[in-house]
2 protein chains.
Amino acid sequence: MPDNLTLDEIARRAGVSRTTASRVLNNGPNVRPEVRERVQRVIAETGYSPHPVARSLASQQSRVIGLVLPRRTEVLFNDPYFPRLTQGVAQACNDYDYTLALFLLQTAADEEKLYPRLSRKGLLDGVVVQAGQIGDDLIMRLLTSNLPVVVAGRPFHPGEVSYVDVDNVTGAYTGVMHLVKLGHQRIATIAGEMETTAALDRKAGYCQALQDCNLPIDESLIVEGYFTEIGGYQAMQRLLPQKPEAVFIASDTMALGALRAIHEAGLRVPQDIAIVSYDDLPPAMIAQPQLTTVHQPIHEFGIKAVELLLEVIKNGPIPPRQIMMETSLVIRQSCGAATREVVNGLNGF
Amino acid sequence: MPDNLTLDEIARRAGVSRTTASRVLNNGPNVRPEVRERVQRVIAETGYSPHPVARSLASQQSRVIGLVLPRRTEVLFNDPYFPRLTQGVAQACNDYDYTLALFLLQTAADEEKLYPRLSRKGLLDGVVVQAGQIGDDLIMRLLTSNLPVVVAGRPFHPGEVSYVDVDNVTGAYTGVMHLVKLGHQRIATIAGEMETTAALDRKAGYCQALQDCNLPIDESLIVEGYFTEIGGYQAMQRLLPQKPEAVFIASDTMALGALRAIHEAGLRVPQDIAIVSYDDLPPAMIAQPQLTTVHQPIHEFGIKAVELLLEVIKNGPIPPRQIMMETSLVIRQSCGAATREVVNGLNGF
DNA sequence: ATGAAAGCGCTAACAT
DNA sequence: ATGTTAGCGCTTTCAT
């Protein structure tokens, strides 16, 4: 498929005008079947494929969308969450014939440098932005740039923006309720970074569950930490002196660290401390014992984000839409429940 | 920065021709300093930024490069290797003012669908392709498309292609020699998938080390497996009956699984079995005990791949260049060496 | 040093 | 149903 082939050349070889060739190329109407077929044959024979940039310039749309992962994720790229999200987004891009441009904003300098490229209409038809930390104004800036934007996760300033989120409150609520039902009273939580809405919402779900069960909310049982293995390890070390019976941990990766701290202290899971975590990513299966965890549909989440973005691109940003995705509890060993549910979907890793 | 601003408009406001405005924009020569400054002021005041697509069409280069991760990586996205590589590539793209397009070829169908977009000159100035499996002809196809290509990892059919690789043979050799020096004789290996050059090379390094030490190569001590936790787990289960004193494992993630199998068998690391693995990614620090492992400079590897690609874009594919990157042994607990080296660089995770 | 003019390869409004 | 004609917004000869 030689690159020097142009639509003009195709038209010439098929004995039609470039317009007609273009119509055939784009499955447009008003072409006699026999002519259409003739042009299609030439296209097939030559292996012609239209120049995407020329097409973009003329049609004013690039069929490229961006995925923006704010700099907080430099740390978090060690969390399988982001690869999984990226996979979902990439798959949706394939399915809808878009190309995915990836922007990792690892430093403030990166952000400044990349911002014009992000906001400038032309290269990108729209962007999916991972919800950032509380201080981040990236999303707000992007919104004023009149480029179609969808946020993955609940943004801090919801304003007039469309976003997809997982119902973190209910997810956490369900996880904690599970621990209550197993008879635990002194339930602690290792929350994530309070600069993220995900951590805030999961903490809220934890508190709500305790309240609904008439259990006291004990601030000394609530520990924050980074969403990393080390973060979970350190948080659990701080928590151990409080002698919790059970802990709800805001991510699988943190749970890995927490387990390490518990084992080092000579305690066992679930006999001495029961654990429920969040994500249901590969670490949940690798952990010893395997983790009872709140499953998030991260892959589908990425797909939905793209689908919502395509809608915004098509129909404009008004009215903003919010899509909420559901979680489900996956019961394994770390909670100590007798039930041992068979779990599918994590075989390949 | 309104998008409807064009270079014509900038030129008009600055009282010059579009050509001159373009010269200023691109830091071209032959502009009077005072004129240059005037145009620059208008650009700054208006927040003008050139339309990237129009620019691409006229200049015949998009300043977009692709990163292609073949479908094998669907499984491997659970290995921190790929996020790390992606990060390196993304950073280099930022540094050199390129935009990164990510192509995840998760199925054969994806590959077919995306291939035209990959090979067609126009959208992409070039691609970095992760070396695939032995059957993959993707790289060969891409090479015939006359799009600049660089392979990350040694490809199976080296042919006339430029690639960056880590010296896997020497890396593995060093790791195994370390075990020999610690006094071990009966050293096994958990190799990766023999469909990849990385696994082949590491196995070769293992064999070479044994030979150089006059140790026998015992086929029953060589076990293959997928580059995953489960793969390592299963491989170690098969290996345990052979009673190895030490094991060289081809990736940290596999080592995690191997540790699990060893612990389940009631054995201890390093007392009963010493381990050296490969990668030096976060799992090496999370593991209990922490892993002695062969460090690969994956991030730099991604950067080098981009730099090499930019060279190919600039100077053409001839002559093909091969860049080899060095590894280093990081000594921690799993090998049982008394030495306990302080390790930096993995703090953030 | 500056500008006029010719593309880059395509889409799309407007004839016919 | 088909073709003619303008663009899309920029870079780049080629004059001047």
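Letters A, B, ... are given to chains in the order of the sequence lines, protein chains preceding strands, and every chain is numbered from 1.
- In this structure the side chain of A:Ser62 reaches within 4.5 angstrom of the side chain of A:Asp125, judged on heavy atoms.
- Of the residues listed (B:Glu160, B:Glu307, B:Glu311), the one engaging B:Arg321 in a salt bridge (charged side-chain N to carboxylate O under 4.0 Å, His left out) is B:Glu311, and it is the only one.
- The footprint of chain B on DNA chain C, defined by a heavy-atom cutoff below 4.0 Å, extends from C:dA1 to C:dG9.
- Within 6.0 Å of CE in B:Met140 there are 12 or fewer heavy atoms belonging to other residues, nucleotides or ligands.
- A close approach under 4.0 Å does not occur between any side-chain nitrogen or oxygen of B:Tyr48 and OP1 or OP2 of D:dG9.
- Where B:Ala54 and B:Asn30 meet DNA chain C, the nucleotide closest to each residue was compared, and B:Asn30 sits on the side nearer the 5' end.
- Open room surrounds CD on A:Glu37; 12 or fewer heavy atoms of other groups in view lie less than 6.0 Å from it.
- If you take CZ of B:Arg12 and P of D:dG9, they are 15 Å apart, rounded to a whole angstrom.
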**OP:** Convert the base pairs of DNA chain D into dot-bracket notation, remembering that pairs crossing earlier ones are written with [ ] and that bases paired across to another strand are shown as |; include only Watson-Crick or G-U pairs under 3.5 Å.
**Re:** ||||||||||||||||
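- Put simply, CG on A:Leu7 is 13 Å from C1' on D:dG3, counting in whole angstrom units.
- In terms of polar N and O atoms assigned as donor or acceptor, the side chain of B:Ser22 never comes within less than 3.5 Å of the base of D:dT12 in a complementary pairing.
- Taking atom CD on A:Gln60 and atom C1' on D:dG7, their separation rounds to 10 Å, with Å as the unit.
- Mapping A:Arg18 and A:Arg23 onto DNA chain C by nearest heavy atom places A:Arg18 closer to the 5' end of the strand.
- A cation-pi arrangement is present between A:Arg141 and A:Tyr115 under the rule of less than 6.0 angstrom and at most 45 degrees off the ring axis.
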